[in-house]
Amino acid sequence: MNIIFIALFITIIIAIMIVLGILIIKFEKNNKTKTMQTLQDVLDSMGFYSSEIHFINKHLSIALNKSQTKLAVVENFNPNNPSYYKYDEIALSFIEKIEKNVSIKIHYIKKGEIKTLNIYPQNKEIADFVHRIFKLSLIKRLEAKFPQQRFNLFSASDWECKYLWAYSKFDTTFAYIKTGKKAQVGKINLKKEHFTIDTKYKYFEAPIFGIAQQLFCYDKFFLSEVFDSINEYIQNKYSKIVDNSIYFDNYNNIIYLTNGLSSLQSIVIDKIDDVIYRDNRLSFDLYGENRTINFMSNQEQISEFENFVIDYNLKKIAQNFNHKTDKLINTTPYTKFIIDFSRDRMIYCANLNKFSKFSYLFISFDSVSNIKIEKSGLKHFIRITTKEKEIIDVTCDKKEIAQYIEAQILKLIN
C-alpha cells in the first residue's frame, strides 16, 4: 500500500513539474514575443526599420536594419516600461573584427574610438547572425573596391572572417580581403594563375598577395560551386588534350588537370621545370618549389599528353615550315632532325617530350664541311663536322634513318 502511495505521489510531483515547465516555457515565449513586438514598435518610431531582431537576454537585444547597413543595440529594455532604455547603433562597415569564446565580441569603430560589444550568453543562432553580418559588411566593402566586377560566390575563411573570398562565375576572377586594423584587398584571375581545388578533401590552394597557400572555406558549398564553375568554363573554352581530364589554354599557356568530379589544378607551362612520365601518373616539378605535382593517369592519357608536348615544342620552331619540301625526320622517339630547305638550314631537336629541357640547334647548310655515319654499341649516329671544326652527333634508332640523313646532307654540301 505504501509503495502504491509513494509511486502515486511521485507521479503527481512529476506531472506538476511538467505542467510548471510548460507554463514557464509558454510564459517566457509570450514574454519574448511581447518584448520583440514592443521593441519593433520602438525601433520603427526611431526610423530604424529592422529586418530581424535577436533577444539576447533581459538586458540586451540587437537588430539589423532592412538595408543591412546598421546594427541597433538596445540595453535594459522593458516592454512594460518602454520609455527607459539605452540605445546605440553600429555601422556594419566599421566593424573591424569579431571574436567567439565564452561570449561573442564585436569590435567596431565609433567616433574614432575602438569599442567592443559583448554578447552573452552566446548560442548558435546568435553566432551565425554575427558571422553573417560581418561577412555581409566585407562583401559590400569588396564590391565597393571593385565596382565593375560581378561577384556571385562568397565565403569567409572561418567564423571570425579573417579572410573573405569572392568569385565571379562570369570571368573566373577571385578577390579577397584580409581583415584587421590594416585591411588588405587583392584580386587575381584564376585563369592565369596556378591553383588547386579538391572538393573531396576540402582543399583549395591559390596565390594570395603573390604567395601560393592553402585557403580555408567556412561556407559549406563555396568550394564545390567554384569547382563546378571553373570546370565547366575550361571544358567549354579550352583545347582538349585528353577528354574530361587534360585541357590546354594556348593564350595563357596553362595546362588544366581534372578528374571531372572533384579535383582540378592548373599549371603554368613556363613554371614547369620538368615533366616525368611514369607508369600510372604524370609528375610535374616546378621552378623554385620543392615539390612535385602528381596527376594519376592511365597509359592512354600519358601517351596523349606526351604527343601534345612534342607538338607544342615543334610549333616553337616549325610555324613557317613548307611541309611539301622541308623534311622532319624522327631519329629517336624524342629527337628529330629537320631539314629546312626554305631557310637553308638544319635543326636538331632533343628532349621533345619535355618543357624546360627541350632544346634545339640550328646548322646552316654552308657551315657543314663533312658528314659520316658512326656506330656506338647498337646505336648508329650521324656525325656532322662544321667548317669551324664543331662536331654534332645525331643519334638514330635505325641505321636506315642515319643513311637517309647522310644522303640528304651529302646532296646539299656537294
Side-chain angles (χ1 to χ4, degrees), residues 239 241 248 250 253 255 267-279 282-288 299 302-414:
S239 304
I241 300 173
F248 175 54
N250 62 346
N253 238 18
I255 295 168
I267 307 177
V268 180
I269 288 180
D270 292 341
K271 295 181 180 180
I272 298 174
D273 183 31
D274 196 10
V275 55
I276 304 163
Y277 302 89
R278 306 184 188 275
D279 291 339
L282 294 165
S283 298
F284 300 88
D285 292 336
L286 304 182
Y287 280 116
Q299 283 300 315
I302 293 170
S303 177
E304 288 290 336
F305 184 77
E306 197 168 29
N307 290 335
F308 159 76
V309 177
I310 292 170
D311 289 343
Y312 173 86
N313 286 327
L314 284 176
K315 285 177 181 177
K316 292 180 179 179
I317 56 176
Q319 289 182 352
N320 298 315
F321 278 5
N322 184 330
H323 296 284
K324 292 182 179 180
T325 58
D326 298 336
K327 299 185 184 298
L328 190 150
I329 305 162
N330 297 319
T331 53
T332 70
Y334 307 121
T335 61
K336 292 185 186 294
F337 192 81
I338 302 168
I339 303 177
D340 183 1
F341 292 101
S342 307
R343 280 168 287 246
D344 298 329
R345 64 183 182 178
M346 296 169 279
I347 310 169
Y348 180 40
C349 308
N351 298 314
L352 273 162
N353 65 335
K354 303 288 184 176
F355 284 112
S356 66
K357 290 181 171 56
F358 165 65
S359 61
Y360 51 91
L361 175 67
F362 293 110
I363 310 162
S364 68
F365 293 164
D366 292 340
S367 69
V368 178
S369 65
N370 188 34
I371 180 170
K372 63 179 178 177
I373 299 175
E374 300 282 358
K375 186 177 181 182
S376 176
L378 298 176
K379 290 285 185 180
H380 292 82
F381 61 92
I382 294 290
R383 172 158 289 177
I384 301 172
T385 304
T386 68
K387 293 174 182 178
E388 288 77 25
K389 306 302 180 182
E390 182 183 5
I391 296 175
I392 300 141
D393 290 337
V394 180
T395 302
C396 301
D397 274 349
K398 297 178 181 180
K399 183 179 180 181
E400 292 81 4
I401 296 174
Q403 290 171 334
Y404 178 76
I405 295 174
E406 180 189 40
Q408 294 292 322
I409 297 176
L410 284 174
K411 285 181 183 179
L412 297 171
I413 63 176
N414 292 329

Aromatic ring proximity, centroids under 6.0 angstrom, Phe355 and Tyr312: yes
Residues, nucleotides or ligands: over 12 heavy atoms within 6.0 Å of Asp344 CG: yes
Is there a donor-acceptor pair under 3.5 Å between the side chain of Asp326 and the backbone N or O of Ser342? yes
Between the side chain of Thr385 and the main-chain N/O of Ser369, is any donor-acceptor distance below 3.5 Å? no
Please test Lys354 against Val275 for side-chain contact (heavy atoms from CB on, under 4.5 Å), starting from the C-alpha separation and ending with a verdict. CA-CA 6 Å; Lys354 303 288 184 176; Val275 55; 4.3 Å; yes
If I compare all heavy atoms of Phe362 with all of Arg345, which pair ends up nearest, and what's the gap? CE2-NH1, 3.3 Å
Heavy-atom pair of closest approach, residues Ile302 and Tyr277: CG2-CD2, 3.8 Å
Could you please spell out the steps behind the side-chain contact (heavy atoms from CB on, under 4.5 Å) verdict for Gln408 and Phe341? CA-CA 11 Å; Gln408 294 292 322; Phe341 292 101; 4.1 Å; yes
Quick check: closest heavy atoms across Ile338 and Cys349, and the distance to 0.1 Å? CD1-SG, 3.9 Å
How long is the span from the CD1 atom in Ile371 to the CD atom in Glu406, to the nearest 0.5 Å? 6.0 Å
So which atom in Met346 and which in Phe365 form the shortest heavy-atom distance, rounded to 0.1 Å? CG-CE2, 3.6 Å
I need the Ile384 CD1 to Ile405 CD1 distance, nearest 0.5 Å. 7.5 Å
Set out, in order, the CA-CA distance, both residues' side-chain angles and the distance that settles side-chain contact (heavy atoms from CB on, under 4.5 Å) for Asp393 and Glu374, then state yes or no. CA-CA 9 Å; Asp393 290 337; Glu374 300 282 358; 6.0 Å; no
Can you tell me how far the CD1 atom of Ile392 sits from the CZ atom of Phe337, to the nearest 0.5 Å? 8.5 Å
Supply the atom-to-atom distance Lys387 NZ to Ser364 OG, rounded to the nearest 0.5 angstrom. 8.0 Å
Calculate, to the nearest 0.5 Å, the distance between atoms OG1 and OH belonging to Thr335 and Tyr348 respectively. 4.5 Å
Which atom of Ala402 lies closest to which atom of His380, heavy atoms considered: CB-CB, 4.4 Å
Nearest 0.5 Å please: distance from the CD1 atom of Ile317 over to the CG atom of Asp340. 9.0 Å
Are the side chains of Tyr287 and Ser356 in touch, meaning some heavy atoms are under 4.5 Å apart? yes
Assign the ring pair Tyr360 / Phe358 to parallel, tilted or perpendicular, where the plane angle (0 to 90°) is split at 30° and 60°. tilted
Using the side chain to side chain contact (heavy atoms under 4.5 Å, CB included) rule, pick out the option among Asp397, Val394, Ile382, Thr395 that qualifies with Thr331. Val394
Between Asn313 and Tyr334, is there a side-chain donor-acceptor contact under 3.5 Å, judged purely by atom types and distance? no
